[in-house]
Amino acid sequence: MMTQSLQNGFTLDNHYLRDLKGPVPVPTQYAPSLGVHRGSCPVEPHKDQEIKKHRSAQAAPLLGSCRVQTPAPMDVQMCQSIQPCHADHQGDLSAGQLLKWMDTIACLAAERHAGMACVTLSMDDIQFEETGRVGQVMTIKSKVNRAFTTSMEVGIRVSVQDVREHVERLVCVAYSTFVGKPAGPQKVLLRPVEDLCSAEEQLQHSLASERRRLRLYNEQTFSTLLQDYHTLANGNYSSPGVCSRRDPLSAVSTEFTRVESIELVLPPHANHHGNTFGGQIMAWMENAATVAASRLCGCFPSLRSVDMFRFRGPSSVGDRLVFKAVVNNTFNNSIEVGVRVEAYNCEEWTANKPRHINSAFLIYQLANTPGDVPAFPQVTYTTQDGERRYLSAIVRKRIRMARKHILSCKEEAPLSVPWDKSNQVYLGYNNVAALTVLAGKQDWEASSISDRVAVYVHEEVELLCVQVQMEVMTSALHAFTLLADLTLRPLWDNHYLSCEEVERADEEETVYHIKCPPINGGKSRDFVFLLSKRQPCKDGDPYVVALRSVTVTTVPPVEGFLRSEAKCAGFLIHSLGLNSCKVCYYNQVTSGVLPYVAGNLAGWSKSMEETASACTTFLERDLITTLY
Ligand SMILES: CCCC(=O)SCCNC(=O)CCNC(=O)[C@H](O)C(C)(C)COP(=O)(O)OP(=O)(O)OC[C@H]1O[C@@H](n2cnc3c(N)ncnc32)[C@H](O)[C@@H]1OP(=O)(O)O
């Protein structure tokens with residue numbers, strides 16, 4: 001398939017760029033409070049400059065630069081002053097109301113692109129960074145990032161402004177998928193999004209296909225990971241973070257949190273096409289979930305995020321909607337509530353034959369009061385269904401974490417330090433110390449555990465780390481000798497194309513240049529690493545092989561390779577006896593390393609496990625070769 005490269009390094013399939021003969025857009029009438037903008041910024045540039053952005057532009061690059069003069073694809077904007085009727089009992093904007101606004105504005109952007117009525121198919125994870133209060137102003141902007149065949153991705157950006165302070169804060173960025181609502185049985189083919197003027201628009205356009213991939217693989221990913229977690233649960237592993245929070249004496253049964261609530265869909269609940277308004281359904285779902293969460297906590301936790309969910313089928317005026325909510329699991333500082341929506345028309349109601357129209361998972365946190373460590377009661381399950389939901393919540397947390405890091409596209413400050421032989425002692429110390437600190441982190445969550453390989457992940461604010469443990473039937477010294485010679489790594493790690501020694505400072509510090517193959521249609525990458533190796537000082541200490549990026553003048557950027565960086569990686573090798581050891585590999589994931597571990601994190605690849613097995617075989621085989 002022909003591909004087209006973009007400036008930002010992404011490659012697009014021409015499949016997506018073809019000019020589909022879809023419906024021709026027609027001018028649409030919008031409610032008076034909506035502004036439709038083409039190619040210009042809704043905020044005057046001089047005013048825009050006055051607004052102090054509390055979040056960086058990268059945190060929410062959805063709508064591109066306001067100062068772009070060339071025509072941009074159409075975006076739609078809504079401004080709402082938060083009134084008491086929009087708020088909860090504490091004066092905070094109700095999340096349900098916000099979801100209604102978001103769905104409306106996204107639908108209008110979708111309809112503007114499609115030139116016809118559209119329906120919400122799904123909404124990706126939403127992370128709420130802030131909430132609004134009565135008197136503040138919410139600004140909600142949306143724009144179609146990309147049209148696929150029959151579906152399109154709409155980006156939504158919500159910010160809140162306190163008019164007295166002239167401060168604008170990001171509330172959330174979300175992505176919805178819409179399809180055209182056909183008059184007959186035929187699906188509607190959409191025309192592609194054109195006029196991608198700014199680099200930001202091009203980036204969002206290409207990232208949209210990555211996000212789509214995650215959406216479409218979501219169910220498969222979920223089942224694969226759930227299988228792994230069932231194995232973990234049945235294996236009774238004592239790894240922190242996995243099924244270790246069930247203390248039968250203090251844990252609360254999830255059944256105690258069950259909520260069931262019914263709504264009759266009336267004309268004010270319908271959207272402008274006569275179907276139950278998606279935003280209204282979300283608002284009702286949020287209401288049921290909040291009751292379940294509050295029951296568990298005995299207070300009012302706030303909604304922090306909504307997991308990706310899908311509108312499976314329509315409902316309309318006259319339907320009865322039954323909302324069933326239950327707490328699925330609690331984590332260190334969050335709880336997950338699942339909500340299921342079933343619809344009945346009159347006949348279905350009498351026959352008790354519901355239609356499952358939606359399911360969503362809402363994540364709550366306690367409001368942080370200074371000095372307080374938020375703690376949720378532990379929960380336990382008493383039914384098989386409860387166990388499935390309990391484990392599923394762990395899997396979804398893991399997928400959310402992966403999606404967050406994969407899609408964040410954060411720019412990092414340079415991580416490499418200049419290599420300077422005269423400063424070798426300090427750099428070597430720093431390298432080893434960073435790895436030791438990383439290895440000392442608590443609460444690693446098991447991701448997969450097989451006979452001899454275990455993968456763990458650790459997330460702390462924005463920091464994501466992976467750990468791979470291998471049991472190897474060879475001496476720790478032998479494993480150390482082979483792993484500390486990085487030129488041998490291409491023999492077992494297929495993420496290494498080549499590795500050359502650049503400079504050897506002494507026995508303990510060496511600089512290497514590594515070339516890595518392209519992955520997932522990205523570019524080939526190269527790294528310059530300082531390797532520091534240390535033998536144990538006393539019995540029980542591990543052997544250490546620490547790696548971090550450095551810059552050296554003798555290895556300038558190489559054409560065809562994207563120079564990438566690693567901040568802290570390496571091996572700790574613990575002796576378990578004369579002929580066996582435990583090799584622990586650690587990596588603090590940077591943007592340069594992420595493409596190589598993204599599949600693993602998101603659950604569609606087992607490359608870390610495969611590489612670890614290859615490493616084990618290499619270390620053991622080499623011993624056999626040496627012996628005979
Ligand atoms: C005013 C605000 C708007 C509203 O209030 S709308 C009211 C709330 N929404 C609804 O009632 C919609 C209920 N759902 C439905 O009726 C049907 O699911 C709906 C939307 C017609 C789609 O049905 P189908 O056509 O059978 O779906 P399909 O499997 O053929 O897929 C169609 C396109 O969607 C894509 N898709 C499937 N699963 C997805 C997912 N999880 N996330 C994102 N996209 C997904 C799928 O790839 C296809 O797109 P494409 O053709 O490849 O471009």
Side-chain angles (χ1 to χ4, degrees), residues 13 15-18 20 22 28 30-31 34 76 78 96 98-114 116-126 140 142 144-156 174-193 208-222 265 267-285 306-317 319 321 341-343 345 355-361 396 399 403:
D13 288 341
H15 165 76
Y16 294 122
L17 299 174
R18 74 184 174 215
L20 285 171
T28 319
Y30 296 102
L34 300 172
V76 184
M78 175 191 271
L98 178 57
L99 289 169
K100 280 192 207 175
W101 286 335
M102 288 166 69
D103 195 38
T104 307
I105 203 80
C107 181
L108 291 174
E111 294 188 342
R112 192 166 175 90
H113 180 79
M116 64 181 309
C118 290
V119 291
T120 322
L121 191 144
S122 70
M123 172 95 84
D124 293 3
D125 306 349
I126 313 172
I140 309 162
S142 71
V144 175
N145 288 331
R146 185 165 188 155
F148 301 101
T149 309
T150 63
S151 64
M152 65 198 121
E153 181 193 277
V154 181
I156 310 158
Y175 300 96
S176 285
T177 302
F178 281 78
V179 295
K181 191 178 172 205
Q186 290 278 324
K187 293 191 176 198
V188 180
L189 297 184
L190 298 168
R191 67 185 173 89
V193 170
S209 69
E210 283 302 300
R211 288 188 285 260
R212 176 176 190 261
R213 197 174 122 109
L214 294 181
R215 273 169 219 135
L216 298 183
Y217 279 110
N218 188 43
E219 279 176 28
Q220 193 188 326
T221 302
F222 177 77
V265 182
H269 304 133
N271 64 22
H272 50 309
H273 315 305
N275 286 124
T276 315
F277 172 43
Q280 177 63 69
I281 298 178
M282 292 194 265
W284 280 329
M285 291 168 90
V306 180
D307 221 40
M308 183 189 290
F309 67 95
R310 182 176 174 177
F311 288 94
R312 294 159 182 266
S315 71
S316 42
V317 173
D319 278 354
L321 301 190
V341 191
E342 291 170 349
N345 61 25
R355 281 171 285 132
H356 176 203
I357 59 160
N358 206 326
S359 277
F361 304 95
R396 276 187 294 272
I399 296 177
R403 274 204 294 258

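For ligands, and for the atoms within them, numbers begin at 1 and follow the listed sequence.
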What's the shortest distance from [atom] to any protein heavy atom, and which residue and atom give it?
atom	result
atom 52 (O) of ligand 1	Arg212 NH2, 2.5 Å
atom 4 (C) of ligand 1	Asn271 ND2, 3.3 Å
atom 13 (C) of ligand 1	Gly313 C, 3.3 Å
atom 27 (O) of ligand 1	Arg310 NH2, 3.5 Å
atom 7 (C) of ligand 1	Thr276 O, 3.4 Å
atom 14 (N) of ligand 1	Phe311 O, 3.1 Å
atom 42 (N) of ligand 1	Ser122 OG, 3.1 Å

Heavy-atom pairs closer than 4.0 Å: do any link ligand 1 to the side chain of [X], the backbone, both, or neither?
X	value
Ile357	neither
Thr120	both
Lys181	neither
Pro314	both
Arg312	backbone
Ser151	both

Find all atoms of ligand 1 within a distance of less than 4.0 Å from any non-hydrogen atom belonging to [X], and give their numbers and elements.
X	result
Phe148	53 (O)
Val119	6 (S), 20 (C)
Phe277	1 (C), 2 (C), 5 (O)

Got a donor-acceptor contact below 3.5 angstrom from the [X] side chain to the [Y] backbone?
X	Y	result
Asp307	Phe361	no
His113	Arg191	yes
Arg211	Tyr175	no
Asn271	His273	yes
Asp319	Ser316	yes
Glu342	His356	no

What do you reckon, does [X] have a nitrogen or oxygen under 3.5 Å from a nitrogen or oxygen of ligand 1?
X	answer
Thr150	yes
Gly278	yes
His272	no
Val179	no

Any side-chain heavy-atom pair of Ile357 and Leu321 under 4.5 Å:
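The answer is yes, as the side chains (C-beta and beyond) meet within the 4.5 Å cut-off.
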
* Is any side-chain heavy atom of Ser151 less than 4.5 Å from a side-chain heavy atom of Phe178? ->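 Side-chain contact under 4.5 Å: no.
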
Contact check, Leu216 vs ligand 1, heavy-atom distance below 4.0 Å =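 Yes.
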
Practice item. Please identify each residue that fulfils salt bridge (charged side-chain N to carboxylate O under 4.0 Å, His left out) with Arg215, with sequence neighbours left out. Key: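 Applying salt bridge (charged side-chain N to carboxylate O under 4.0 Å, His left out) to Arg215 gives Asp124, Glu153.
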
- Query: Which atoms form the tightest heavy-atom contact between Asp103 and Gly279, and what is the distance?
  - Reply: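 Heavy atoms only, the tightest pair is OD2-N, 2.9 Å.
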
Write down the atom of Pro314, the atom of Arg355, and the distance for their closest heavy-atom approach.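 Smallest interatomic distance, heavy atoms only, reads O-NH1, 2.9 Å.
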
Q.
Measuring from atom CD1 of Ile105 to atom OG of Ser176, what distance do you get when rounded to the nearest 0.5 angstrom?
A.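 Ile105 CD1 to Ser176 OG: 11.5 Å, rounded to 0.5 Å.
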
Leu121, Thr177, Thr149: member with heavy atom nearest to atom 45 (C) of ligand 1: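 Selected option, by shortest heavy-atom distance: Leu121.
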
request  = May I ask which of Met282, Gln280, His273, Lys187 has a heavy atom nearer to atom 28 (P) of ligand 1 than the others do?
outcome  =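 The option holding the nearest heavy atom is Lys187.
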
Passing option when Phe311 is tested against Thr276, Thr177, Thr120, Val119 for side-chain contact (heavy atoms from CB on, under 4.5 Å)
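In the set Thr276, Thr177, Thr120, Val119, the residue that makes a side-chain contact (heavy atoms from CB on, under 4.5 Å) with Phe311 is Thr120.
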
inquiry  = What verdict does the side-chain contact (heavy atoms from CB on, under 4.5 Å) test give for Met152 and Cys118, after you've listed the backbone C-alpha separation in whole Å, the side-chain angles of each residue and the deciding distance to 0.1 Å?
reply    = CA-CA 10 Å; Met152 65 198 121; Cys118 290; 3.7 Å; yes

